[in-house]
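Presented below is the structure to which this report refers.
So you know, we letter chains A, B, ... as the sequences are listed, proteins then strands, and number each from 1.
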There are 2 protein chains.
Amino acid sequence: MADRIWELLPDPDPFAANCLSRVVLDHVTSKWGVLVLVALAEEPMRWGQLHRYIDGISEKMLAQTLRTFEADGFVLRDSKGTVPPRVDYSLTPLGRELAEVLIPLVHWVGKNVTRTGVADQAGSAA
Amino acid sequence: MADRIWELLPDPDPFAANCLSRVVLDHVTSKWGVLVLVALAEEPMRWGQLHRYIDGISEKMLAQTLRTFEADGFVLRDSKGTVPPRVDYSLTPLGRELAEVLIPLVHWVGKNVTRTGVADQAGSAA
DNA sequence: CAGTATCCGCCATGATACTG
DNA sequence: CAGTATCATGGCGGATACTG
C-alpha cells in the first residue's frame, strides 16, 4: 500500500500542476461551489428558492456556478418550459456522491468554528 | 431530528451570510487551502519541502495560506531558530480533524475525475 | 533556507439593467 | 420566474527582487 494513492495513478495527482483533478477541485472550492452542492443535496430546488436559500449569492454567480456544475455532470437542470418559467435543479448521482464527502466538511466547520482562531478574533473585535 | 442540523444552532449556519463558518469555509476552500492541509496531513514538512510538494504554488501564497491556517489554529509552525533557518509545519489536533474530512474529498475527486465533464472536454480538446 | 516586500495584471465577483 | 448582458472593481494571486 502506498501512502499516497495518487502515486499509483499517473493523472489524478492533485499535487501535480495541470492535473485535471485540480480543475474539478477548483470548481468545487469556488466561492459558492460547496454551498450550492450541499444545498441541492438537502433537497432539489427551483432557481429562486436556491437564490434565497444561499444568502448573499448574486444572480450571476448562481447561474455561473450552476452551469459549471451542469457541465461537470454534478447538477441536473430540468426546465419545465412553461410560462412563467419553472426550472428545477437537482444533483445527479455523480453529484450526490460528491456531496456525500462535502457534507461532513460543512458539518465539521459549523460545529467547530468556535474552536478556531476565527471565533477568537470575532470575539475580541466585538 | 432536523434535516439541517444548523437550524438548531443560531450562529454556524453557513447558508446565512455573515456567519463565521463562512469565513472558515472560505479559508479552507481558498485556492491552495485544501492542498496545503491534505499535504500536511500526509506528513509534517519543512517550508521548502512543502513548496516543492504542492506543484505550482507561489512563495507568497504558501506563506499567506500557512499564516492564515496558523491563526485559525489548524497549522503549527515550529521554527528551530538555527542558521540556516529550519521551520517545520505540522497540523494541530484541530487541523487534523479538519483534514480528516478533506481527505475523502481529494480522494473522491482523484478517483472520479474521469467520470466528470472536465475529462470529456479535455478529451475532445486533445 | 525561509521567508518578506513590492509591484501589478487580470479575472473572479458583484451591481445593475434588461428580457422571454 | 428565471435568467442574460453589460459594466465596473478590487483583491486574489503571481513574478520578481531582496533579506536575516
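When DNA chain C is scanned 5' to 3' for any atom under 4.0 Å from a heavy atom of chain B, the first and last hits are C:dC1 to C:dC7.
For the segment residues 59-67 of chain A, residues with any heavy atom less than 4.0 angstrom from an atom of DNA chain C are, sorted by number, A:Glu59, A:Lys60, A:Met61. A heavy atom closer than 4.0 Å to some atom of DNA chain D occurs in B:Lys31, B:Trp32, these being the qualifying members of residues 25-35 of chain B.
Under the 4.5 Å side-chain heavy-atom criterion for ILVMFWY residues, a single connected hydrophobic cluster contains both A:Phe69 and A:Leu94. Hydrophobic clustering, with ILVMFWY side chains joined whenever heavy atoms are under 4.5 angstrom apart, keeps A:Leu102 apart from A:Leu76.
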Check your understanding: Tell me, what's DNA chain D's dot-bracket, Watson-Crick or G-U with both distances under 3.5 Å, | for other-strand, [ ] crossing?
Key -> ||||||||||||||||||||
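Here OG of B:Ser21 is found 9.5 Å from CZ of B:Phe15. Values are rounded to the nearest 0.5 Å. Atom OG1 of B:Thr29 is separated from atom CZ of B:Arg22 by 11.0 Å, given to the nearest 0.5 angstrom. One distance of note links CH2 of A:Trp47 with CG of A:Leu66; it measures 6.5 Å at 0.5 Å rounding. Distance check, rounded to the nearest 0.5 Å: CH2 of A:Trp32 to OG1 of A:Thr65 gives 9.0 Å. Within the model, atoms CG of B:Leu35 and CG of A:Leu25 stand 6.0 Å from one another, a figure rounded to the nearest 0.5 Å. Taking CD1 of B:Ile54 as the reference point, atom CE of B:Met45 lies at 7.0 Å (rounded to 0.5 Å).
Under the salt bridge (charged side-chain N to carboxylate O under 4.0 Å, His left out) criterion, A:Glu70 pairs with no residue, sequence neighbours left out. For A:Arg77, there are no salt bridge (charged side-chain N to carboxylate O under 4.0 Å, His left out) partners at least two apart in sequence or on another chain.
Side chain of A:Asp55 to backbone of B:Ala17: a donor-acceptor contact under 3.5 angstrom is found.
Both A:Pro84 and B:Tyr89 sit near DNA chain C, but only B:Tyr89 has its closest nucleotide nearer the 5' end.
A salt bridge links B:Glu97 with A:Arg115: the distance from a Lys NZ or Arg NE/NH1/NH2 to an Asp or Glu carboxylate oxygen falls below 4.0 Å.
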